[in-house]
**Q** 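Have a look at this one.
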Amino acid sequence: MTKAIYDIDPKLTGSAAKLYDNLDDWPADGPEPPFSTEVWTFIKKAEAALKEAGE
């Protein structure tokens with residue numbers, strides 16, 4: 001999910017991850033999150049597994 005942002009500017013990747021890490025804190029009257037916190041947790045675990053595997 002952060003690759004597209006990384007391709008634009010690698011410095012923004014951490015900011016995007018922090019944004020998604022705080023999905024539960026998004027205001028109710030703000031934009032609708034693109035996915036649930038459960039999906040974000042899965043994405044982070046998958047990313048960690050890829051890094052561990054050397055991908």
Side-chain angles (χ1 to χ4, degrees):
M1 292 302 298
T2 58
K3 175 140 176 42
I5 294 168
Y6 181 84
D7 289 344
I8 295 168
D9 186 345
K11 294 178 284 185
L12 296 176
T13 303
S15 297
K18 286 180 187 175
L19 175 73
Y20 295 138
D21 282 340
N22 295 308
L23 283 172
D24 291 334
D25 297 331
W26 288 23
D29 61 346
E32 185 175 332
F35 41 76
S36 68
T37 54
E38 291 83 4
V39 170
W40 180 239
T41 300
F42 171 81
I43 291 169
K44 291 191 315 183
K45 287 180 180 180
E47 183 178 35
L50 283 173
K51 285 181 182 177
E52 186 176 307
E55 298 289 323

**Q** Quick one: list whatever passes side chain to side chain donor-acceptor pair (under 3.5 Å) with N22, sequence neighbours left out.
**A** none

**Q** Which residue pairs pass the salt bridge (charged side-chain N to carboxylate O under 4.0 Å, His left out) test when at least one of the two sits in residues 14-23, sequence neighbours left out?
**A**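 Of all non-adjacent pairs touching residues 14-23, those that pass salt bridge (charged side-chain N to carboxylate O under 4.0 Å, His left out) are D21-K44.
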
**Q** Show me the donor-acceptor pairs, under 3.5 Å and distance only, between side chains in residues 25-36 and residues at least two apart or in other chains.
**A**
{"unit_1": "W26", "atom_1": "NE1", "unit_2": "L19", "atom_2": "O", "d": "3.2"}
{"unit_1": "S36", "atom_1": "OG", "unit_2": "E38", "atom_2": "N", "d": "3.4"}
{"unit_1": "S36", "atom_1": "OG", "unit_2": "E38", "atom_2": "OE1", "d": "3.2"}
{"unit_1": "S36", "atom_1": "OG", "unit_2": "V39", "atom_2": "N", "d": "3.2"}

